[in-house]
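Shown next, in structure tokens, is the structure this report addresses.
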Amino acid sequence: MTIQEIYREGTKRLEEAGIADAALDAWYLLEHVTGISRASYYGHPEREIGGEEKERYFFGIAQRGKRIPLQHLTKEQEFMGLSFYVNEHVLIPRQDTEILVETAMKQLEPGMRILDMCTGSGCILLSLLRLCRAEVTGTGADISGEALAVARENAARLGVEAEFVEGDLFSPVAPGRCYDMIVSNPPYIPTAEIEGLQDEVRLHDPYIALDGRKDGLFFYRRIVREGLLYLKKGGRLLFEIGCGQAAAVSGLMEAAGYEEVRVKKDLAGLDRVVMGMYNGE
Ligand code: GLN
């Protein structure tokens, strides 16, 4: 088969399977399997693809047709212009989260220490460490050792030094108020809403990365309260939040004594980041 025939057939199979971005996903898989660029595809659409490559391509198409996320097949996701390794043990980095990184980056100054709570793939912490012009250092914490293995792999790939610690929220973090900033995109979907999510998310993102318990706010409550013990005076806490959680999370922060609590919208105009500063003794 020619590469054009293969691509058309892949697109058709994904359309038949009801995949929304069939042509796009068929393309990314083709690029992943053959390493071919758009330019060389259009330059030589008659190039023959056979044997092992063709088999691997149609195997990937069949997997994608079963709602396996594209990123689990290509093992990567771009985030903040950087390429992150991903697998089934981490939440696939979302573009929605870039606004948190951009907001945090503007507040960083040389010498600051960052703690990324629920780091997953490490995408937030590692983007900050890699892209921030100021010299900053950081720790990523997660309850999943399998997720931390992915985060460490990403640190190595991006050439970034970071500390990773494993345990339930703050339990593995060295005690003391020594962080200038805590960033977190914790699990925030109310349990009952998970079953209504698309299959790619519901069945293939790690359940523990999604589940924010009954009202979705379980981790915000704990991080707001426990974070006070780890933030330097004047230190900042920045969260990504889910749909409709801005008022509740702002309220939790204000009640705990954080000041200058603000909400920031994402590019789609939805409330996406809640942040505040802790000035307590
Ligand atoms: N911090 C990671 C991310 O933003 C993982 C978040 C999570 O697992 N809830 O992608």
Side-chain angles (χ1 to χ4, degrees), residues 69 71-72 75-105 114-131 138-155 157-158 160 162-170 172-173 179 181-191 193-194 197 200-213 215-224 227 237-243 245 249 264 266 270 272-275:
Q71 296 88 339
H72 287 182
K75 298 280 187 257
E76 68 174 347
Q77 172 62 39
E78 190 197 296
F79 179 79
M80 293 298 295
L82 302 169
S83 170
F84 284 85
Y85 167 70
V86 296
N87 64 21
E88 67 279 16
H89 299 300
V90 295
L91 187 87
I92 296 168
R94 309 295 209 262
Q95 204 185 355
D96 300 330
T97 306
E98 293 185 346
I99 187 79
L100 173 64
V101 175
E102 286 162 10
T103 308
M105 198 140 54
I114 312 163
L115 174 61
D116 178 14
M117 186 46 70
C118 311
T119 196
S121 64
C123 64
I124 299 173
L125 178 69
L126 297 173
S127 307
L128 287 172
L129 296 179
R130 172 73 192 255
L131 301 174
T139 305
D142 205 285
I143 197 166
S144 161
E146 287 155 327
L148 289 174
V150 173
R152 287 196 180 96
E153 164 80 27
N154 280 320
R157 281 189 183 203
L158 296 169
V160 167
E163 176 193 40
F164 290 105
V165 294
E166 179 181 340
D168 180 33
L169 292 187
F170 291 92
V173 181
Y179 287 96
M181 178 183 281
I182 299 175
V183 287
S184 184
N185 175 24
Y188 58 63
I189 318 271
T191 307
E193 287 177 23
I194 294 178
L197 300 175
E200 282 84 344
V201 178
R202 181 172 70 89
L203 303 175
H204 299 288
D205 271 319
Y207 188 82
I208 59 164
L210 302 174
D211 184 19
R213 313 282 171 94
D215 65 355
L217 300 173
F218 178 84
F219 294 99
Y220 295 113
R221 279 192 197 93
R222 285 191 56 192
I223 296 168
V224 162
L237 172 60
L238 291 90
F239 282 121
E240 172 171 323
I241 53 155
C243 201
Q245 293 175 324
V249 174
K264 199 160 171 169
D266 62 17
L270 302 171
R272 185 58 70 182
V273 171
V274 176
M275 58 191 156

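Each ligand, and each atom within it, is numbered from 1 in the order the structure gives. Everything quoted here is computed from the prediction, not taken from an experiment.
Here P206 has no heavy atoms under 4.0 Å from ligand 1, in either its backbone or its side chain. Contacts between T119 and ligand 1 below 4.0 angstrom, taking non-hydrogen atoms only, involve the backbone exclusively. Within the 4.0 Å heavy-atom criterion, the part of C118 lying near ligand 1 is the backbone and not the side chain.
With respect to R94 and D266, no salt bridge is recorded, no charged nitrogen being found less than 4.0 Å from a carboxylate O.
Here is the list of ligand 1 atoms found below 4.0 Å of a heavy atom in I124: 1 (N), 4 (O). Each of the atoms 9 (N) of ligand 1 lies under 4.0 Å from some heavy atom of P187.
Residues I182 and M117 share a closest heavy-atom pair of CG2-CB, 4.5 Å. Residues S144 and A147 approach most closely at OG-N, 2.8 Å, considering heavy atoms.
Judged purely by atom type and a 3.5 angstrom limit, Q245 uses its side chain to pair as donor or acceptor with the backbone of Y188. Judged by distance alone, the side chain of R272 and the main-chain N or O of I99 form no donor-acceptor pair under 3.5 Å.
Looking at N185 next to ligand 1, an N or O pair under 3.5 Å apart turns up. Between C123 and ligand 1, not a single N/O pair is under 3.5 Å apart.
Considering only heavy atoms from C-beta on, C118 comes within 4.5 Å of L169 through its side chain.
Heavy-atom proximity to atom 9 (N) of ligand 1, evaluated over G212, S184, A209, is greatest for A209.
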